[in-house]
Each structure stands twice: as structure tokens, then as C-alpha cells.
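All ligand and atom numbering here is 1-based and tracks the order in the structure. Because the structure is a prediction, the values reported are computed rather than measured. Throughout, residue positions are numbered sequentially from 1 according to the sequence presented.
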Amino acid sequence: MVLVSGSGTNLQALIDASADPAYGARIVAVGADRDGIEGLARAERAGITTFVDRVADHPDRAAWDASLAETVAAHAPDLVVLAGFMKLAGPAFLARFGGRTVNTHPALSPAFPGMHGPRDALEYGVKVTGATLFVVDAGVDTGPIVAQVAVPVAEDDDAASLHERIKTHERAMLVEWVGRLAREPWTIDGRRIRFHPKEQS
Ligand code: GRF
């Protein structure tokens with residue numbers, strides 16, 4: 001299950017990877033918090049079931065959160081991937097899918113959490129930034145880290161060019177590690193993700 005809010009290039013990378021059965025993960029559905037986005041169109045073109053659950057269609061955030069959790073649960077996903085999903089997972093969602101929901105963030109956590117990772121990194125003047133795949137918790141981009149990739153900042157970067165460079169690496173990281181999360185047993189030990197090699201038979 002993948003949740004999106006925007007252009008869906010990370011989703012597309014997962015759609016392309018999962019075309020190979022050896023990848024080990026299949027996208028059971030794609031959900032969004034808004035209509036008319038390219039992310040949903042990408043899913044539809046790939047023949048994947050989609051749904052939209054908008055905050056504005058509920059009396060409050062808590063009702064939306066509970067509804068999203070229900071809708072996602074109806075598709076019985078093993079893993080939920082937030083790929084450019086611009087909403088925080090709420091308590092009802094985390095009660096059901098905490099520990100098996102991952103999100104990707106375009107910065108090297110714990111630096112520059114929030115909506116403007118590339119811009120904030122640029123303004124701070126760092127020379128290296130990147131992307132982080134993490135298990136979602138109740139904080140903003142704070143959960144246990146699955147993987148990170150470093151990306152250099154160029155002298156003439158603006159926020160858009162830096163974000164585009166990060167996204168190229170972010171997609172590759174997402175595909176590699178979502179595949180591992182799907183294929184290999186793993187546990188969360190404090191803040192550390194541990195993969196457990198399968199027993200040889
Ligand atoms: C990604 O950089 C993601 O980390 C950030 O928004 C971007 C989404 O891109 N939150 P896309 O919709 O997958 O193209």
C-alpha cells in the first residue's frame with residue numbers, strides 16, 4: 001500500500017520495481033489525501049486500485065485519521081509506504097499500522113525535519129544533505145531510520161534543483177529498502193532496525 005499527495009515519482013519507482021516478481025512486494029492499492037494528482041494517475045495507468053480520503057470531507061482530523069486507517073486496513077497491507085504523503089499519520093492510523101509504516105524525507109535526519117527539507121538545508125549552508133527512509137512514529141520525521149543516502153549540495157543550487165537531485169537518490173533508496181523490508185525478516189530494537197538473515201535449510 002502506498003499513500004501519495006503529489007507527483008508520485010517515488011510511487012512510480014515502486015510500481016516499476018514491483019513489476020518483477022523477484023522484487024518481493026506488490027502494491028495492493030494507492031491512496032491519496034487529495035484528488036487530481038499525478039500520483040493517482042500513475043497508479044491508475046498501472047491498473048492499481050486507488051482511493052482518495054480528504055480531510056475536508058470529515059468533521060475533524062481525528063475522524064479523517066480513523067477513516068484513513070479503516071480504508072487502508074480494508075486492503076490488508078503488510079507494509080504502508082508514505083511516498084510524498086503530506087499529512088501526519090494520526091493516532092488511529094498509528095494504532096493499526098505503527099511499526100509497519102515507512103516514510104521518505106528529503107533530508108538527512110535528524111537534520112531539517114518538516115515540509116521544507118531541501119530549502120532548510122540550503123539556507124543552513126550544509127554541503128551534504130540527502131534523504132532518509134524511516135519507520136513512522138508520532139513525531140515529524142523522527143522515527144527509527146531504515147536507510148539514508150547522502151547527496152552533495154552544488155554551489156549554484158536552488159531549493160528546486162537540490163530537491164530534484166535528492167529525489168533521484170531518494171527513489172533508488174526507497175526501491176532498494178522497501179524490497180528488503182518486504183523480503184527479509186526485520187525487527188525494531190529501540191531506534192535501530194535490524195534485519196535477520198533467513199535460516200538456511
Ligand atoms: C519527495 O522528495 C518526498 O520525500 C517529499 O516529497 C517528494 C515527493 O515526490 N516529501 P514524489 O511525489 O514522489 O515525486
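- Taking the charged nitrogens against the carboxylate oxygens, R165 and D157 do have a contact shorter than 4.0 Å, which makes a salt bridge.
- Atom 9 (O) of ligand 1 has as its closest protein heavy atom K167 NZ, 3.0 Å.
- Ranking the protein heavy atoms by distance from atom 7 (C) of ligand 1 puts H163 NE2, 3.8 Å first.
- We find that R45 and E38 are joined by a salt bridge, their nearest charged nitrogen and carboxylate oxygen being less than 4.0 Å apart.
- Taking 4.0 Å as the cut-off between side-chain N and carboxylate O, D189 and R192 do not count as a salt-bridged pair.
- Contact annotation: G8 has at least one heavy atom less than 4.0 Å from an atom of ligand 1.
- Note: L82 CG to L3 CG = 5.5 Å, rounded to the nearest 0.5 Å.
- D16 places no side-chain N or O within donor-acceptor distance of the main-chain N or O of A13, the cut-off being under 3.5 Å.
- The shortest side-chain heavy-atom distance between V102 and V80 does not fall under the 4.5 Å cut-off.
- For the atom pair NE2 (H163) and CZ (R119), the distance works out to 12.5 Å, reported to the nearest 0.5 Å.
- In this structure, E38 does not count as a contact residue of ligand 1, since none of its heavy atoms falls inside 4.0 Å of the ligand.
- Applying the 4.0 Å criterion to heavy atoms of P106 picks out, from ligand 1, the atoms 2 (O), 4 (O), 5 (C).
- Annotation: atom 6 (O) of ligand 1 to nearest protein heavy atom, G84 CA, 4.0 Å.
- Neither the backbone nor the side chain of R171 has a heavy atom within less than 4.0 Å of ligand 1.
- Distance from atom 3 (C) of ligand 1 to its nearest protein heavy atom, with residue and atom name: E170 OE2, 3.4 Å.
- The shortest heavy-atom distance from V4 to ligand 1 is not under 4.0 Å.
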